[in-house]
Chemist: 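One structure coming up, written as structure tokens, with questions to follow.
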Amino acid sequence: MPELPEVETSRRGIEPWIVGTRIADVVVRDRRLRWPVAPGIEGRLRGRRIESVGRRAKYLLIKTDNGTAIVHLGMTGNVFIVDHDAPAGIHDHFDILLDSGRSLRFRDPRRFGSFFFSKNPLAHPLLSGLGPEPLGTDFDGDYLWRRSRGRKVNVKQFIMDAKVVVGVGNIYASESLFLAGINPKRSAGRVARQRYAVLADAIEDVLDRAIRAGGTTLRDFYGGDGEPGYFRQQLEVYDREGEHCRHCNTVIRAIVQGQRTTYYCKSCQT
DNA sequence: ACTTTAGCCTGTCGGC
DNA sequence: TGCCGACAGGCTAAAG
């Protein structure tokens with residue numbers, strides 16, 4: 001389940017292998033991703049030199065000397081480095097072949113991921129309306145508090161809204177609300193200013209620790225270096241329904257909010 | 001402007 | 001053992 005820490009882990013994993021190389025070719029085997037892969041993408045990227053690998057929200061931005069490849073991992077996507085002649089599996093939907101003899105390979109069993117080309121990625125319709133980066137300077141408790149005034153939606157769905165703040169998916173939303181001691185069912189508009197300060201800190205803390213652990217691997221996430229993420233061991237509530245809270249021993253509960261499972265501790269989170 | 005719902009997609013798992 | 005429905009959840013678009 002790639003959320004911000006997993007995408008960042010992937011970014012760091014592939015960066016040393018691809019920056020400074022030139023794109024020899026692009027091979028798309030299945031164009032049916034979340035949005036159809038544009039037929040011209042191979043020609044736009046072929047021959048270009050890769051200058052950097054960035055990240056905006058959960059999008060990887062592979063910047064070349066003439067335009068940027070935008071890659072989203074969706075739910076089950078992975079990017080990793082292989083040799084040119086490595087045989088492709090059925091879910092290996094595209095390769096970016098590099099002049100180094102390696103390829104950046106994209107694997108995504110459920111095809112919720114995406115692959116675009118853009119001259120100006122931040123102006124792309126899918127990226128232009130995104131909220132601030134949670135680890136950036138324009139994100140803090142007062143920002144969340146301002147944005148939440150008048151909002152009836154529960155605070156868990158509120159912080160998962162990419163127009164509010166990016167990168168906080170289902171795992172880290174549950175985790176940060178636990179760390180902040182906030183009940184996920186509470187209306188966003190009814191969370192006090194001071195509690196948003198605590199929540200913003202919790203979001204930053206959990207994302208930072210998850211990045212340092214290489215992300216969370218529940219089933220099928222592997223970083224660009226092929227290593228799973230180890231943050232699962234630090235999860236306090238996510239996927240722990242029926243287990244005991246490590247702080248107060250209360251049984252962790254699971255509820256459904258916005259068609260997604262939320263995990264929380266009834267006594268630590270009020 | 002906000003809220004809710006449906007839908008995309010396939011591997012895995014529990015129940016019968 | 002095999003079948004089948006539920007579930008996982010990123011995100012957008014459309015409807016209310």
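Side chains included, hydrogens not; waters and symmetry mates left out as well; all remaining heavy atoms used.
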Chemist: Taking 4.0 Å as the cut-off, does a side-chain nitrogen or oxygen of A/Thr76 come that near to OP1 or OP2 on C/dG10?
Modeler: no

Chemist: Check whether any side-chain N or O of A/Arg32 sits under 4.0 Å from OP1 or OP2 of B/dC9, and answer yes or no.
Modeler: no

Chemist: On DNA chain B, nearest-nucleotide positions of A/Gln259 versus A/Phe112: which is more 5'?
Modeler: A/Gln259

Chemist: Rounded to whole Å, how long is the line connecting atom CG of A/Leu73 with atom C1' of B/dC9?
Modeler: 16 Å

Chemist: Tell me which of A/Arg260 and A/Ile90 sits closer to the 5' end of DNA chain B, going by the nucleotide each one is nearest to.
Modeler: A/Arg260

Chemist: For the pair made of CZ in A/Phe115 and P in C/dG10, what is the distance, rounded to whole Å?
Modeler: 23 Å

Chemist: Could you check how far CE of A/Met160 sits from P of C/dG10, rounded to whole Å?
Modeler: 5 Å

Chemist: Measure the distance from CG on A/Leu33 to P on C/dC11 and round it to the nearest whole Å.
Modeler: 15 Å

Chemist: When you check the phosphate oxygens OP1 and OP2 of B/dT10, does a side-chain N or O of A/Arg111 lie under 4.0 Å from one of them?
Modeler: yes

Chemist: Heavy atoms only, 4.0 Å cut-off, all strands: where does A/Ser114 land among base, sugar-phosphate and nothing?
Modeler: nothing

Chemist: With sequence neighbours excluded, what pairs up with A/Arg190 under the salt bridge (Lys or Arg N to Asp or Glu O under 4.0 Å) test?
Modeler: none

Chemist: What's the closest nucleotide to the side chain of A/Trp35 if the choices are C/dA8, C/dT12, C/dC11?
Modeler: C/dT12

Chemist: Measure from CD on A/Gln157 to P on B/dT5 and round the result to the nearest Å.
Modeler: 10 Å

Chemist: Could you state the CZ-C1' distance from A/Arg107 to B/dC9, rounded to the nearest angstrom?
Modeler: 17 Å

Chemist: Please check this pair: side chain of A/Asp99 against backbone of A/Arg22, looking for a donor-acceptor N/O pair closer than 3.5 Å.
Modeler: yes

Chemist: Please report, rounded to the nearest Å, how far the P atom of C/dT12 is from the CG atom of A/Asp161.
Modeler: 10 Å

Chemist: A/Asp65 pairs by salt bridge (charged side-chain N to carboxylate O under 4.0 Å, His left out) with which of A/Arg49, A/Arg48, A/Lys119?
Modeler: A/Arg48

Chemist: So, is A/His91 close to the B/dT10 phosphate, meaning a side-chain N or O under 4.0 Å from OP1 or OP2?
Modeler: no

Chemist: Provide the closest heavy-atom pair for A/Glu3 versus A/Ile171 in the form atom of the first, atom of the second, distance.
Modeler: OE2-N, 2.8 Å

Chemist: Using whole Å, report how far CD of A/Gln257 lies from P of B/dT4.
Modeler: 11 Å

Chemist: Are any of the side-chain heavy atoms of A/Glu133 and A/Leu135 separated by less than 4.5 Å?
Modeler: no

Chemist: Quick check on B/dC2: is either OP1 or OP2 less than 4.0 Å from any side-chain nitrogen or oxygen of A/Lys152?
Modeler: no

